[in-house]
Number of protein chains: 2
Amino acid sequence: MFFLKDLPTREMIEGLAGRFAGADADAMLDELRLLRRASLRLRLVENYLTAQGLSQTQFLVLTVILREPDRDSLTSVEIAERLDVSRPVLSKTLATMERKGLIARQPHGQDKRCVLIAPTEAGTQTYLALLPGYCDALLAPLPDDGASKDPTATG
Amino acid sequence: MFFLKDLPTREMIEGLAGRFAGADADAMLDELRLLRRASLRLRLVENYLTAQGLSQTQFLVLTVILREPDRDSLTSVEIAERLDVSRPVLSKTLATMERKGLIARQPHGQDKRCVLIAPTEAGTQTYLALLPGYCDALLAPLPDDGASKDPTATG
DNA sequence: CGTATTTCGTTACCATGCTAACGAATCGTA
DNA sequence: TACGATTCGTTAGCATGGTAACGAAATACG
(Lines give C-alpha, C1' and ligand atoms only; values in the text may rest on other atoms or scores of the structure.)
Protein backbone atom coordinates (compact mmCIF):
# COMPACT_ATOMS: atom_id res chain seq x y z
CA MET A 1 0.00 0.00 0.00
CA PHE A 2 1.07 3.54 -0.79
CA PHE A 3 -0.03 5.61 2.14
CA LEU A 4 0.84 9.13 1.12
CA LYS A 5 -2.38 11.09 0.77
CA ASP A 6 -1.13 14.31 -0.78
CA LEU A 7 1.35 13.69 -3.52
CA PRO A 8 4.33 16.02 -3.74
CA THR A 9 3.87 19.07 -5.89
CA ARG A 10 5.54 19.31 -9.24
CA GLU A 11 7.64 22.11 -7.83
CA MET A 12 8.90 19.89 -5.03
CA ILE A 13 9.97 17.22 -7.43
CA GLU A 14 11.62 19.74 -9.70
CA GLY A 15 13.38 21.17 -6.70
CA LEU A 16 14.74 17.74 -6.00
CA ALA A 17 15.88 17.45 -9.59
CA GLY A 18 18.58 19.93 -8.73
CA ARG A 19 20.02 17.43 -6.30
CA PHE A 20 20.59 14.60 -8.73
CA ALA A 21 20.43 13.89 -12.40
CA GLY A 22 17.64 12.18 -14.27
CA ALA A 23 14.63 13.31 -12.31
CA ASP A 24 11.61 13.48 -14.58
CA ALA A 25 9.00 15.24 -12.51
CA ASP A 26 6.04 14.49 -14.75
CA ALA A 27 6.81 10.81 -15.09
CA MET A 28 7.34 10.51 -11.35
CA LEU A 29 4.08 12.26 -10.62
CA ASP A 30 2.30 9.90 -12.97
CA GLU A 31 3.72 6.92 -11.13
CA LEU A 32 2.85 8.37 -7.74
CA ARG A 33 -0.71 9.01 -8.89
CA LEU A 34 -0.88 5.45 -10.14
CA LEU A 35 0.33 4.13 -6.79
CA ARG A 36 -2.07 6.22 -4.82
CA ARG A 37 -5.07 5.43 -6.98
CA ALA A 38 -4.31 1.73 -6.91
CA SER A 39 -3.88 1.78 -3.15
CA LEU A 40 -7.27 3.38 -2.67
CA ARG A 41 -8.82 0.90 -5.07
CA LEU A 42 -7.09 -1.96 -3.35
CA ARG A 43 -8.39 -0.84 0.00
CA LEU A 44 -11.90 -0.62 -1.40
CA VAL A 45 -11.74 -4.13 -2.78
CA GLU A 46 -10.09 -5.46 0.34
CA ASN A 47 -12.70 -3.90 2.59
CA TYR A 48 -15.44 -5.49 0.55
CA LEU A 49 -13.90 -8.93 0.68
CA THR A 50 -13.01 -8.67 4.36
CA ALA A 51 -16.59 -7.73 5.15
CA GLN A 52 -17.61 -10.92 3.35
CA GLY A 53 -15.13 -12.95 5.35
CA LEU A 54 -12.47 -13.51 2.70
CA SER A 55 -9.02 -12.07 2.31
CA GLN A 56 -7.76 -10.92 -1.09
CA THR A 57 -5.44 -13.89 -1.26
CA GLN A 58 -8.20 -16.33 -0.42
CA PHE A 59 -10.36 -14.82 -3.15
CA LEU A 60 -7.55 -15.06 -5.66
CA VAL A 61 -6.84 -18.67 -4.76
CA LEU A 62 -10.41 -19.51 -5.70
CA THR A 63 -10.04 -17.38 -8.83
CA VAL A 64 -7.02 -19.15 -10.22
CA ILE A 65 -8.43 -22.63 -9.63
CA LEU A 66 -11.93 -21.93 -10.88
CA ARG A 67 -10.75 -20.22 -14.03
CA GLU A 68 -8.59 -23.16 -15.05
CA PRO A 69 -10.34 -24.49 -18.14
CA ASP A 70 -9.36 -28.18 -18.01
CA ARG A 71 -8.70 -28.72 -14.32
CA ASP A 72 -10.77 -28.63 -11.20
CA SER A 73 -7.84 -28.62 -8.84
CA LEU A 74 -4.29 -27.28 -8.69
CA THR A 75 -1.29 -28.13 -6.58
CA SER A 76 0.08 -25.67 -4.10
CA VAL A 77 3.02 -24.92 -6.35
CA GLU A 78 0.79 -24.26 -9.33
CA ILE A 79 -1.24 -21.81 -7.28
CA ALA A 80 1.92 -20.14 -6.03
CA GLU A 81 3.14 -19.77 -9.61
CA ARG A 82 -0.04 -17.94 -10.52
CA LEU A 83 -0.22 -15.80 -7.41
CA ASP A 84 2.90 -13.82 -6.57
CA VAL A 85 2.88 -14.94 -2.93
CA SER A 86 5.49 -16.96 -1.10
CA ARG A 87 4.74 -20.61 -0.50
CA PRO A 88 4.63 -20.27 3.29
CA VAL A 89 1.94 -17.61 2.94
CA LEU A 90 0.03 -19.79 0.54
CA SER A 91 0.37 -22.70 2.93
CA LYS A 92 -1.19 -20.71 5.74
CA THR A 93 -3.88 -19.32 3.47
CA LEU A 94 -4.85 -22.79 2.31
CA ALA A 95 -4.96 -24.01 5.91
CA THR A 96 -7.34 -21.17 6.75
CA MET A 97 -9.48 -21.87 3.70
CA GLU A 98 -9.66 -25.55 4.53
CA ARG A 99 -10.72 -24.72 8.07
CA LYS A 100 -13.48 -22.55 6.60
CA GLY A 101 -14.59 -25.30 4.26
CA LEU A 102 -13.79 -23.33 1.12
CA ILE A 103 -11.35 -25.86 -0.29
CA ALA A 104 -10.55 -29.53 0.12
CA ARG A 105 -7.26 -31.35 -0.23
CA GLN A 106 -6.98 -34.46 -2.33
CA PRO A 107 -3.97 -36.75 -2.46
CA HIS A 108 -1.90 -36.45 -5.61
CA GLY A 109 -1.58 -39.86 -7.20
CA GLN A 110 1.87 -39.61 -8.75
CA ASP A 111 3.69 -37.39 -6.28
CA LYS A 112 3.07 -37.92 -2.59
CA ARG A 113 4.73 -34.60 -1.78
CA CYS A 114 2.00 -32.72 -3.62
CA VAL A 115 -1.55 -32.13 -2.54
CA LEU A 116 -4.28 -31.18 -4.97
CA ILE A 117 -6.38 -28.23 -3.92
CA ALA A 118 -9.98 -28.12 -5.08
CA PRO A 119 -12.71 -25.65 -4.13
CA THR A 120 -15.59 -27.25 -2.29
CA GLU A 121 -19.11 -26.66 -3.48
CA ALA A 122 -19.44 -24.10 -0.70
CA GLY A 123 -16.21 -22.48 -1.83
CA THR A 124 -17.41 -22.23 -5.41
CA GLN A 125 -20.76 -20.81 -4.34
CA THR A 126 -19.08 -18.30 -2.05
CA TYR A 127 -16.86 -17.20 -4.89
CA LEU A 128 -19.72 -16.77 -7.33
CA ALA A 129 -21.75 -14.92 -4.73
CA LEU A 130 -18.91 -12.48 -4.09
CA LEU A 131 -18.02 -11.81 -7.71
CA PRO A 132 -20.64 -9.14 -8.44
CA GLY A 133 -19.67 -7.14 -5.39
CA TYR A 134 -16.03 -7.56 -6.28
CA CYS A 135 -16.67 -6.14 -9.72
CA ASP A 136 -18.64 -3.29 -8.21
CA ALA A 137 -15.74 -2.48 -5.90
CA LEU A 138 -13.45 -2.56 -8.90
CA LEU A 139 -15.52 0.05 -10.72
CA ALA A 140 -16.78 2.16 -7.83
CA PRO A 141 -15.64 5.79 -7.79
CA LEU A 142 -12.68 6.47 -5.54
CA PRO A 143 -12.57 8.98 -2.67
CA ASP A 144 -10.22 11.03 -4.87
CA ASP A 145 -8.59 12.48 -1.78
CA GLY A 146 -6.07 14.48 -3.75
CA ALA A 147 -8.76 16.63 -5.35
CA SER A 148 -10.62 17.01 -2.08
CA LYS A 149 -7.86 19.31 -0.88
CA ASP A 150 -8.98 21.93 -3.33
CA PRO A 151 -6.80 25.06 -3.04
CA THR A 152 -9.83 27.23 -3.85
CA ALA A 153 -11.63 25.70 -0.87
CA THR A 154 -8.78 26.06 1.60
CA GLY A 155 -7.77 29.53 0.54
CA MET B 1 -0.84 -5.73 -2.90
CA PHE B 2 -2.65 -7.31 -5.81
CA PHE B 3 -1.12 -10.71 -6.23
CA LEU B 4 -2.75 -12.06 -9.36
CA LYS B 5 -0.12 -12.41 -12.04
CA ASP B 6 -2.23 -13.20 -15.08
CA LEU B 7 -5.27 -11.03 -15.31
CA PRO B 8 -8.51 -12.64 -16.44
CA THR B 9 -9.14 -12.61 -20.15
CA ARG B 10 -11.71 -10.31 -21.60
CA GLU B 11 -13.74 -13.36 -22.53
CA MET B 12 -13.79 -14.52 -18.92
CA ILE B 13 -15.08 -11.21 -17.73
CA GLU B 14 -17.66 -11.08 -20.46
CA GLY B 15 -18.68 -14.59 -19.52
CA LEU B 16 -19.26 -13.37 -16.02
CA ALA B 17 -21.31 -10.50 -17.35
CA GLY B 18 -24.00 -13.02 -18.11
CA ARG B 19 -24.28 -13.75 -14.40
CA PHE B 20 -25.09 -10.26 -13.26
CA ALA B 21 -25.88 -6.88 -14.68
CA GLY B 22 -23.51 -3.97 -15.03
CA ALA B 23 -20.27 -5.73 -15.80
CA ASP B 24 -18.10 -3.56 -17.97
CA ALA B 25 -15.30 -5.84 -19.08
CA ASP B 26 -13.04 -3.17 -20.48
CA ALA B 27 -13.30 -0.89 -17.48
CA MET B 28 -12.68 -3.80 -15.14
CA LEU B 29 -9.65 -4.90 -17.09
CA ASP B 30 -8.29 -1.39 -16.94
CA GLU B 31 -8.65 -1.36 -13.18
CA LEU B 32 -7.07 -4.80 -12.82
CA ARG B 33 -4.13 -3.70 -14.96
CA LEU B 34 -3.80 -0.63 -12.79
CA LEU B 35 -3.78 -2.73 -9.65
CA ARG B 36 -1.26 -5.16 -10.99
CA ARG B 37 1.08 -2.53 -12.34
CA ALA B 38 0.94 -0.55 -9.13
CA SER B 39 1.61 -3.67 -7.08
CA LEU B 40 4.72 -4.45 -9.08
CA ARG B 41 5.87 -0.86 -8.79
CA LEU B 42 5.17 -0.86 -5.09
CA ARG B 43 7.17 -4.01 -4.61
CA LEU B 44 10.07 -2.47 -6.51
CA VAL B 45 10.05 0.63 -4.37
CA GLU B 46 9.58 -1.37 -1.20
CA ASN B 47 12.45 -3.67 -2.03
CA TYR B 48 14.70 -0.69 -2.60
CA LEU B 49 13.78 0.95 0.68
CA THR B 50 13.96 -2.30 2.64
CA ALA B 51 17.44 -2.94 1.29
CA GLN B 52 18.36 0.50 2.62
CA GLY B 53 16.89 -0.31 6.01
CA LEU B 54 13.69 1.73 5.83
CA SER B 55 10.09 0.70 5.43
CA GLN B 56 7.77 2.58 3.10
CA THR B 57 5.95 4.07 6.05
CA GLN B 58 9.18 5.23 7.67
CA PHE B 59 10.23 6.87 4.43
CA LEU B 60 6.88 8.59 4.08
CA VAL B 61 7.00 9.84 7.67
CA LEU B 62 10.25 11.63 6.84
CA THR B 63 8.69 12.84 3.60
CA VAL B 64 5.70 14.54 5.15
CA ILE B 65 7.71 16.28 7.87
CA LEU B 66 10.55 17.40 5.64
CA ARG B 67 8.30 18.76 2.95
CA GLU B 68 6.41 20.96 5.39
CA PRO B 69 7.38 24.49 4.34
CA ASP B 70 7.06 26.36 7.64
CA ARG B 71 7.55 23.60 10.18
CA ASP B 72 10.39 21.35 11.17
CA SER B 73 8.29 19.00 13.26
CA LEU B 74 4.77 17.59 13.26
CA THR B 75 2.63 15.95 15.88
CA SER B 76 1.67 12.32 15.59
CA VAL B 77 -1.87 13.25 14.63
CA GLU B 78 -0.67 15.59 11.91
CA ILE B 79 1.45 12.83 10.46
CA ALA B 80 -1.44 10.40 10.67
CA GLU B 81 -3.65 12.90 8.83
CA ARG B 82 -1.16 13.03 5.99
CA LEU B 83 -0.43 9.31 5.86
CA ASP B 84 -3.45 7.02 5.60
CA VAL B 85 -2.23 4.75 8.40
CA SER B 86 -3.89 4.04 11.71
CA ARG B 87 -2.48 5.75 14.75
CA PRO B 88 -1.32 2.56 16.44
CA VAL B 89 0.71 1.72 13.37
CA LEU B 90 2.15 5.19 13.30
CA SER B 91 2.96 4.93 16.99
CA LYS B 92 4.93 1.74 16.42
CA THR B 93 6.62 3.16 13.35
CA LEU B 94 7.73 6.25 15.25
CA ALA B 95 9.06 4.09 18.08
CA THR B 96 11.12 2.12 15.59
CA MET B 97 12.38 5.29 13.93
CA GLU B 98 13.34 6.79 17.27
CA ARG B 99 15.23 3.63 18.15
CA LYS B 100 17.10 3.96 14.86
CA GLY B 101 17.90 7.60 15.54
CA LEU B 102 15.94 8.86 12.53
CA ILE B 103 13.59 11.07 14.52
CA ALA B 104 13.51 12.74 17.91
CA ARG B 105 10.57 13.57 20.12
CA GLN B 106 10.15 17.03 21.60
CA PRO B 107 7.58 18.02 24.20
CA HIS B 108 4.70 20.05 22.87
CA GLY B 109 4.45 23.27 24.85
CA GLN B 110 0.70 23.86 24.80
CA ASP B 111 -0.65 20.31 24.80
CA LYS B 112 1.02 17.76 27.04
CA ARG B 113 -0.77 14.92 25.25
CA CYS B 114 1.01 15.72 22.03
CA VAL B 115 4.61 15.06 21.15
CA LEU B 116 6.38 16.86 18.33
CA ILE B 117 8.22 14.61 15.92
CA ALA B 118 11.29 16.03 14.22
CA PRO B 119 13.78 14.25 11.95
CA THR B 120 17.27 14.12 13.39
CA GLU B 121 20.19 15.29 11.30
CA ALA B 122 20.90 11.62 10.59
CA GLY B 123 17.28 11.10 9.60
CA THR B 124 17.38 14.03 7.21
CA GLN B 125 20.63 12.86 5.67
CA THR B 126 19.31 9.31 5.33
CA TYR B 127 16.24 10.63 3.58
CA LEU B 128 18.20 12.77 1.15
CA ALA B 129 20.57 9.92 0.45
CA LEU B 130 17.70 7.59 -0.38
CA LEU B 131 15.73 9.98 -2.56
CA PRO B 132 17.60 9.44 -5.84
CA GLY B 133 17.25 5.67 -5.58
CA TYR B 134 13.63 6.08 -4.65
CA CYS B 135 13.02 8.12 -7.78
CA ASP B 136 14.89 5.57 -9.84
CA ALA B 137 12.68 2.80 -8.47
CA LEU B 138 9.67 4.92 -9.33
CA LEU B 139 10.72 5.19 -12.96
CA ALA B 140 12.42 1.84 -13.51
CA PRO B 141 10.81 -0.45 -16.08
CA LEU B 142 8.55 -3.10 -14.60
CA PRO B 143 8.88 -6.87 -15.10
CA ASP B 144 5.71 -6.60 -17.21
CA ASP B 145 4.79 -10.13 -16.29
CA GLY B 146 1.54 -10.10 -18.21
CA ALA B 147 3.29 -9.56 -21.53
CA SER B 148 5.98 -12.09 -20.70
CA LYS B 149 3.40 -14.81 -21.14
CA ASP B 150 3.34 -14.09 -24.84
CA PRO B 151 1.24 -16.67 -26.68
CA THR B 152 3.56 -16.44 -29.67
CA ALA B 153 6.48 -17.33 -27.44
CA THR B 154 4.85 -20.23 -25.64
CA GLY B 155 3.33 -21.76 -28.79
C1' DC C 1 -15.12 25.02 39.82
C1' DG C 2 -16.35 20.13 38.80
C1' DT C 3 -17.65 16.53 35.88
C1' DA C 4 -18.56 14.32 31.29
C1' DT C 5 -16.73 14.03 26.81
C1' DT C 6 -13.19 14.12 23.54
C1' DT C 7 -8.52 13.60 21.97
C1' DC C 8 -3.68 11.80 22.10
C1' DG C 9 -0.58 8.16 22.31
C1' DT C 10 0.03 3.61 23.60
C1' DT C 11 -0.78 -1.31 24.55
C1' DA C 12 -2.84 -5.83 23.59
C1' DC C 13 -4.14 -8.91 20.29
C1' DC C 14 -4.89 -10.65 15.68
C1' DA C 15 -4.19 -11.28 10.46
C1' DT C 16 -1.07 -11.52 6.85
C1' DG C 17 3.20 -10.71 4.42
C1' DC C 18 8.33 -12.22 4.33
C1' DT C 19 12.83 -15.31 4.76
C1' DA C 20 15.24 -19.26 6.71
C1' DA C 21 15.20 -23.81 7.60
C1' DC C 22 13.32 -28.43 8.29
C1' DG C 23 11.49 -33.36 7.24
C1' DA C 24 9.52 -36.16 3.65
C1' DA C 25 9.31 -37.46 -1.06
C1' DT C 26 11.25 -37.47 -5.59
C1' DC C 27 14.81 -37.31 -9.05
C1' DG C 28 19.50 -37.92 -11.02
C1' DT C 29 23.17 -40.61 -11.35
C1' DA C 30 26.78 -43.77 -10.34
C1' DT D 1 20.19 -50.23 -5.60
C1' DA D 2 22.23 -46.35 -3.04
C1' DC D 3 23.22 -41.71 -2.23
C1' DG D 4 23.32 -36.65 -3.08
C1' DA D 5 20.52 -32.89 -4.85
C1' DT D 6 16.14 -30.99 -5.54
C1' DT D 7 11.31 -30.08 -4.65
C1' DC D 8 7.04 -29.84 -1.75
C1' DG D 9 4.73 -28.32 2.15
C1' DT D 10 5.23 -26.73 6.66
C1' DT D 11 7.04 -24.47 10.84
C1' DA D 12 9.54 -20.79 13.29
C1' DG D 13 10.49 -16.17 13.81
C1' DC D 14 10.07 -11.41 12.33
C1' DA D 15 7.88 -7.04 10.41
C1' DT D 16 3.98 -4.47 9.55
C1' DG D 17 -0.90 -3.78 8.75
C1' DG D 18 -5.59 -3.57 11.40
C1' DT D 19 -9.23 -2.82 15.56
C1' DA D 20 -10.43 -2.45 20.49
C1' DA D 21 -9.50 -0.46 24.58
C1' DC D 22 -6.87 1.99 28.09
C1' DG D 23 -4.77 6.01 30.93
C1' DA D 24 -3.55 10.86 30.72
C1' DA D 25 -4.53 15.37 29.20
C1' DA D 26 -7.50 18.80 27.27
C1' DT D 27 -12.05 20.60 26.39
C1' DA D 28 -17.10 21.49 26.96
C1' DC D 29 -20.48 22.73 29.74
C1' DG D 30 -23.52 22.95 33.70
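A note on names: the letters A, B, ... follow the listed sequences, proteins ahead of strands, and every chain is numbered from 1.
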(request) Identify whether any heavy atom of Ser86(A) sits under 4.0 Å from a base atom; if not, whether one sits that close to sugar-phosphate; answer base, sugar-phosphate or nothing. (result) base
(request) Please answer whether the main-chain N or O of Leu102(A) pairs with a side-chain N or O of Thr120(A) as donor and acceptor at a distance below 3.5 Å. (result) yes
(message) Both Lys92(A) and Arg113(A) contact DNA chain D. Which one's nearest nucleotide lies toward the 5' end?
(response) Arg113(A)
(message) Hydrophobic clustering (ILVMFWY, side-chain heavy atoms < 4.5 Å, transitive) - are Val64(A) and Leu116(A) grouped together?
(response) no
(request) Describe the nucleic acid contact of Gln110(A) in one word from base, sugar-phosphate, nothing, applying a heavy-atom distance below 4.0 Å. (result) sugar-phosphate
(message) Heavy-atom nearest nucleotide on DNA chain C for Ser55(A) versus Asp111(A): which residue maps closer to 5'?
(response) Ser55(A)
(request) Assign Ser91(B) to base, sugar-phosphate, or nothing according to its heavy-atom contacts below 4.0 angstrom with the strands shown. (result) base
(request) Please determine, for the side chain of Arg43(B), which listed nucleotide (dG17(D), dG9(C), dC18(C)) has the closest atom? (result) dC18(C)
(request) Return yes if some donor-acceptor pair links the side-chain N/O of Arg71(B) with the main-chain N/O of Ile65(B) below 3.5 Å, else return no. (result) no
(request) Using whole Å, report how far CD of Glu46(B) lies from C1' of dT19(C). (result) 15 Å
(request) Would you please confirm or rule out a distance under 4.0 Å between OP1 or OP2 of dG17(D) and any side-chain N or O of Thr57(B)? (result) yes
(message) What is the distance, to the nearest angstrom, from the CD atom on Glu81(A) to the P atom on dT7(D)?
(response) 12 Å
(request) Search all heavy atoms of Ala129(A) against all heavy atoms of Pro132(A) and return the closest pair with its distance. (result) O-CD, 3.5 Å
(message) Tell me the interatomic distance from Arg87(A), atom CZ, to dT11(D), atom C1', rounded to whole angstroms.
(response) 14 Å
(message) From NE2 of His108(A) over to P of dT26(C), roughly how many Å is that when rounded to an integer?
(response) 10 Å
(request) Select from Thr93(A) and Glu78(B) the residue whose nearest nucleotide in DNA chain C is closer to the 5' end of that strand. (result) Glu78(B)
(request) Check every strand shown and say whether Val77(B) touches a base, only sugar-phosphate, or nothing at a heavy-atom separation below 4.0 Å. (result) sugar-phosphate
(request) Starting at atom NZ of Lys112(A), determine the distance to atom C1' of dA25(C), rounded to an integer number of angstrom. (result) 9 Å
(message) In this structure, how many angstroms lie between the P atom of dT10(D) and the CD atom of Glu98(A), rounded?
(response) 9 Å
(request) Ignoring the backbone of Pro88(B), work out which of dT11(C), dA24(C), dG9(C) is nearest its side chain. (result) dT11(C)
(message) Using the side-chain contact (heavy atoms from CB on, under 4.5 Å) definition, which of the options Thr124(A), Leu131(A), Leu130(A) pairs with Tyr127(A)?
(response) Leu131(A)
(message) Rounded to whole Å, please give me the gap between CG in Leu42(B) and C1' in dG17(C).
(response) 13 Å
(request) Take the protein atom CG of Leu116(A) and the nucleotide atom P of dC8(D), then report the distance between them rounded to whole Å. (result) 13 Å
